[in-house]
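Please read these numbers as outputs of a predicted model, since none were measured by experiment. Basis for what follows: all heavy atoms, side chains included, without hydrogens, waters or symmetry-related copies. Below, read A as the first sequence line, B as the second, and so on, with proteins coming before strands; counting in each chain starts at 1.
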There are 2 protein chains.
Amino acid sequence: MVIMTRTDPPRDVIRVAVSTVIFSLRRDRPGAPASVVLPLVRRTRNPHEGLWALPGGWLDATEQLETAASRTLAETTGLAPSYLEQLYAFGDVGRSSDRVVSIVYWALLREGAQLPEDAENVAWFDAAHLPPLAFDHNHIVEYALWRLRNKVGYSRIAHGLLPDLFTLADLREVYEAILDRDLDPANFRRQVENSGTLIPTDRFRTGSHRPARLYRYNQDVELAERGPLRDPSPTRHQKAAS
Amino acid sequence: MVIMTRTDPPRDVIRVAVSTVIFSLRRDRPGAPASVVLPLVRRTRNPHEGLWALPGGWLDATEQLETAASRTLAETTGLAPSYLEQLYAFGDVGRSSDRVVSIVYWALLREGAQLPEDAENVAWFDAAHLPPLAFDHNHIVEYALWRLRNKVGYSRIAHGLLPDLFTLADLREVYEAILDRDLDPANFRRQVENSGTLIPTDRFRTGSHRPARLYRYNQDVELAERGPLRDPSPTRHQKAAS
DNA sequence: GCAAAAGTGTTCGGCGTACACCCATGA
DNA sequence: TCATGGGTGTACGCCGAACACTTTTGC
């Protein structure tokens, strides 16, 4: 157990942690512009006690990296991510008092995710206005935001922040919140329509002005490249060849 | 069962390794088309003994990740890379007999790099035709190649494979070797000229037909984004807060 | 009817591609 | 003078940006 080794980790021991930067969207009130938020946990133990930090924990020797990331996510938010990707391995000598290599993941949650009722020491923060965090976590979040903004430009990642049914305005507002600038509704419509990732439904969202058509995400299309090919066993291509 | 010459590591111990995929270019003879090559080392110890593997080693507890990558590179090739970037952290439970998390880097060497005379158990391999490698190293090289091909499309990374002075044809051949397709010399010229990354010199390469102007790389421009902003010590935000 | 968002049409400029063409050198 | 690669000019097509315009609802 962890507490045991805490007394005196030998000088040559390197420990492996897994943390996750979890992005979601929140609006102050319905109709208000959305902003990017992420959950942080308050540290209750020795290094940086009292500061907010990324959710994470020690990697178990029998646990896959991605499983560890999902676990920390479930433990803090109680929800499953719509997207999960490795971000970077942070391992600078000076980033903690003893030597820790953190494999950091980043994840997306669909808009409207709620923290469990009994969540203690967990809270949502506006990604653009973070307090000083524990360790190098400000640095890590900045990099995750950079990756998010980057990836939104060449992938369909933004869908990971939306519920199953959404309007084109919903989707556009996701892009606007991430990129922090306004987009032309007319051009935006054509771009996503031509991308082949949206399935129009017969349903409309009513309530204000002209009703907007609801769309569904085309599950056949991957949200984005998530890193090295997963599961080298049976892909569609290999199945067809056999 | 695996025979360990060392005392068996406890079941809950996770060890951290650093490996590097090092790309360079080689031509069978001057003027011949270039191909992407990488150095591999033959394993002389127990797991996968005799198989070729990526150069690497255990991370020292007092050693920065990137330093460890550079060290393995120097130990095998005796040369300094022109580019070095973290690729991915591979940590699947089944990838080794005991639990190893490998922080893998990828690097570029300028064309013409020579292995040291006394190099034993090290050899260059054509990246497109690798034998079965130790562990998941075939998988890792494939991913590094994907990243290389990708990055060549939106960054100036290809310069990292060339010497200080080069012709536009040299540079074009780098792209052609990486992308494995021919490029229009006329259009290629305009694209790189407009990118502002090349400094024309007054020198020409003579020897065959019309002499070609030699160019130099503009050092003011970074080859590419290499990951999280380096030097995490004093960020603007933390300075202001203190 | 009016405001406002949904949705369509049109124009313009940049940029990548294709390709014709001229230039300079070695043999 | 010819072959060959260096280097220039030009036309086409696509796509993103800008923006005018029509449609459909709530009030």
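Ring orientation note: the planes of A:Y217 and A:H159 are tilted relative to one another, at an angle of 30° to 60°. Using the six-membered ring where Trp is involved, A:Y143 and A:Y88 have ring planes that are perpendicular, over 60° apart on the 30 and 60° scheme.
The distance between atom CZ of B:R213 and atom P of C:dC23, rounded to the nearest whole Å, is 17 Å. Nucleotide C:dA5 holds its P atom 18 Å from the CG atom of A:L171, rounded to whole Å. For the pair A:N194 CG and D:dA17 P, the interatomic distance rounds to 14 Å; values are reported in whole Å. If you take CZ of B:F204 and P of C:dC23, they are 16 Å apart, rounded to a whole angstrom. Going from atom CG of A:L183 over to atom C1' of C:dG7 covers 17 Å, rounded to whole Å. In this structure, A:F188 atom CZ and D:dA18 atom P are separated by 15 Å, rounded to whole Å. We find that CG of A:L168 is positioned 15 Å from P of C:dA5, with the value rounded to whole Å.
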Query raised in the report: Checking side-chain hydrogen bond (donor to acceptor under 3.5 Å, both in side chains) for the pair B:S102/B:R95: CA distance, chi angles, key distance, verdict?
Result: CA-CA 10 Å; B:S102 283; B:R95 64 187 293 275; 3.2 Å; yes
Report summary line: Heavy-atom contacts, protein to nucleotides 8-18 of chain C, under 4.0 Å, summarised as B (base), S (sugar-phosphate only) or - (none) per nt, yield BBB-----SBB
Report summary line: Whether each nucleotide of nucleotides 22-27 of chain D has a protein heavy atom under 4.0 Å at its base (B), only at its sugar-phosphate (S) or at neither (-) is summarised, 5' to 3', as -BBBS-
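A salt bridge links B:R205 with B:D170: at least one charged nitrogen is closer than 4.0 Å to a carboxylate oxygen. Between B:R42 and B:E120 there is no salt bridge, since no side-chain N of the basic residue sits under 4.0 Å from a carboxylate O of the acidic one. The pair B:R226-B:E66 meets the salt-bridge criterion, since a charged nitrogen lies less than 4.0 angstrom from a carboxylate oxygen. Ion pair A:E222/A:R156 not flagged as a salt bridge, since none of the NZ, NE, NH1 or NH2 atoms sits closer than 4.0 Å to an Asp/Glu carboxylate oxygen.
Between the side chains of A:R147 and A:N150, no donor N or O sits under 3.5 Å from an acceptor N or O.
Residues forming a side-chain hydrogen bond (donor to acceptor under 3.5 Å, both in side chains) with A:T77 (at least two apart in sequence, or on another chain): none. Considering only residues two or more places apart in sequence or on other chains, A:Y83 meets the side-chain hydrogen bond (donor to acceptor under 3.5 Å, both in side chains) condition with A:E85.
For DNA chain C, none of the residues of residues 145-165 of chain B falls under the heavy-atom distance limit of 4.0 Å.
Heavy atoms from other residues, nucleotides or ligands lying under 6.0 Å from CG of B:D180 number 12 at most. By the neighbour-count criterion of 12 heavy atoms within 6.0 Å, atom CZ of A:R203 is sparsely surrounded, having that number or fewer from other residues, nucleotides or ligands.
One finds the CG atom of A:N121 at 12.0 Å from the CG atom of A:L40 (value rounded to the nearest 0.5 Å).
If one axis is set at each end of the helix from C:dG1-D:dC27 to C:dA27-D:dT1 from five pairs, those axes are 10° apart, to 10°.
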